Participant: 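Provided herewith is a single structure, encoded as structure tokens, for subsequent inquiry.
Lettering of chains follows the sequences in order, A, B, ..., and the numbering in each one begins at 1. Quantities reported herein were computed from a predicted structural model and do not represent experimental measurements.
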2 protein chains.
Amino acid sequence: MAATETRRQITEAADALFYERGFEATSFADIAAAVGLSRGNFYYHFKTKDEILEAVIDLRMANTRAMLAGWAAGADEPAGRIRSFIHMLIANRAGIMAHGCPVGTLCSELAKLDHVAKDRAAELFGLFRDWLALQFSALGRGDDAERLALHLLVRSQGIAALATAFRDETFIRREAAAMETWLAGELPGLAKSDLSIPNA
Amino acid sequence: MAATETRRQITEAADALFYERGFEATSFADIAAAVGLSRGNFYYHFKTKDEILEAVIDLRMANTRAMLAGWAAGADEPAGRIRSFIHMLIANRAGIMAHGCPVGTLCSELAKLDHVAKDRAAELFGLFRDWLALQFSALGRGDDAERLALHLLVRSQGIAALATAFRDETFIRREAAAMETWLAGELPGLAKSDLSIPNA
DNA sequence: GTCTATATGGGGATAGAC
DNA sequence: GTCTATCCCCATATAGAC
């Protein structure tokens, strides 16, 4: 197999395992087994665990950018795009209840380890913050755009944290709906009908 | 030294280390060194790591109950008690920026490990939820008490998660203030002056 | 590029002397 | 109750054959 393809497979397997089990709790052997590779060969592709982490963060940055671009393409109005962000909580509820938010839990773990990559992981939050701020700016809230963006991140992170602890789907839906109500209040020009709660 | 006293010291050292470095990342040797004990002797007091975790959760439950009782004793009005909860974010900001919320990060780590104690750790959230709900009930919001309590937990958890990632103290103060504004809006009978932002 | 075999270190955990 | 010595396993990481 081509080295780049194997590297891609390793990175994707590590991405999933880091999310499901955590960075420290995932061993080389776990990743190698997931890809169907021997431990020895593994080191041909990645020399250290930190190198894998770097590749995983790069992958998540790329995936996040693609997701945000998809949301932007999927809705003409900034309010609808923000709703896509909120809806993510419902769409990913199973994973969130089992393993939390991939971004928040990674940042938290790396902060405790005082890992060199902790700031790079925080840039994942930065992507969401900047993208949300852009939508609020387009809605005429330029002065408050970053504050409003961070407030949405706060609530989504809090929902994820408590959903992991209590594993209560109703709670997620209710708090997501409350976020939409808040959004409507911040954007008085918006029609109520544009802010119904997603069911998917 | 008396066994109970040594056990207490171990539990407190483990409590701090689990918070600062995480449960998995903390080794027996780390805890033993913090207490000034040999590894061998360590096993006289705790047979397994899970046993230490259990003791740490018990300690945190007791400490949390004591803190909540202190807040109740320190303010006659339920609104002031809730403000004590919000103020905790400011008071603990240094620790939160470095290591996150002790409750949220422990629940998150144990969930990923699928650890047997994950539900016991979630009961720490339960203590806050029930205590906050009690205050809202006393304020005549009995029907919504749990929902309002969980909303406060959501926002405090989200603030902790993002504060850890961005290490921005201004952000913490601003979001804490926003929580107080929200609280004022939920309790229309409350005087504005009762809801000023703590500075400590 | 992939494998097996292996080095090395640290983790949890135990035995037994004092 | 405390210590030293030790066991075993699994982790990261390397060497070298194929």
Participant: Can you tell me how far C1' of dG1(C) sits from CZ of R39(A), to the nearest Å?
Facilitator: 18 Å

Participant: Taking 4.0 Å as the cut-off, does a side-chain nitrogen or oxygen of T6(B) come that near to OP1 or OP2 on dT2(D)?
Facilitator: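 Indeed, a polar side-chain atom of T6(B) lies that close.
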
Participant: Does the Lys NZ or Arg CZ of K112(B) fall within the cation-pi geometry relative to F23(A) - under 6.0 Å from the ring centre and within 45° of the axis?
Facilitator: no

Participant: Within the pair S38(B) and dT2(D), is there a side-chain N or O less than 4.0 Å away from OP1 or OP2?
Facilitator: no

Participant: Whole angstroms only, please: what is the CZ-P distance between R21(B) and dG10(C)?
Facilitator: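 Roughly 14 Å, once rounded to whole Å.
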
Participant: Considering every strand and a 4.0 Å limit on heavy-atom distances, what is the contact class for T26(A): base, sugar-phosphate, or nothing?
Facilitator: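 The residue T26(A) makes sugar-phosphate contact but no base contact.
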
Participant: Just compare dG12(C), dG1(C), dA13(D) and give me whichever is closest to any side-chain atom of A3(A).
Facilitator: dG1(C)

Participant: Does the distance from a Lys or Arg side-chain N to an Asp or Glu carboxylate O, for R167(B) and D119(A), drop under 4.0 Å?
Facilitator: yes

Participant: In whole angstrom, give the distance that lies between atom CZ of F28(B) and atom P of dG10(C).
Facilitator: 17 Å

Participant: Of all the nucleotides listed (dG11(C), dA11(D), dT14(C)), which has the minimum atom distance to the side chain of Y43(B)?
Facilitator: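 The nucleotide sitting nearest to the side chain is dT14(C).
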
Participant: Tell me the interatomic distance from R7(B), atom CZ, to dG1(D), atom P, rounded to whole angstroms.
Facilitator: 12 Å

Participant: Starting at NE2 of H45(B) and ending at P of dC3(D), how long is that distance when rounded to a whole Å?
Facilitator: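 Those two atoms, NE2 and P, are 9 Å apart.
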
Participant: Can a donor-acceptor pair be found between the side chains of S38(A) and N41(A) at a distance below 3.5 Å?
Facilitator: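 N41(A) and S38(A) do not have a side-chain donor-acceptor pair below 3.5 Å.
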
Participant: Taking the nucleotide of DNA chain C with the nearest heavy atom to each, does G40(A) or Y44(A) sit closer to the 5' end?
Facilitator: Y44(A)

Participant: On the six-membered ring of F18(B), is R60(B) placed so that its NZ or CZ lies under 6.0 angstrom from the centre and within 45° of the ring axis?
Facilitator: no

Participant: In whole angstrom, what separates F42(B)'s CZ from dT4(D)'s C1'?
Facilitator: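 Result: 17 Å.
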
Participant: Under 4.0 Å: is that the gap between some side-chain N or O of N41(B) and OP1 or OP2 of dG1(D)?
Facilitator: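 No, no such contact exists.
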
Participant: Please report the distance, rounded to the nearest Å, between CD in E24(A) and P in dC10(D).
Facilitator: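 Distance, rounded to whole Å: 18 Å.
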
Participant: Answer yes or no for R147(B) and F136(B): cation-pi contact, defined as NZ/CZ to six-membered ring centre under 6.0 Å and angle to ring axis within 45°.
Facilitator: no

Participant: Rounded to the nearest Å, what distance is computed from the CZ atom of residue F46(A) to the C1' atom of nucleotide dT14(D)?
Facilitator: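 These atoms are roughly 18 Å apart.
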
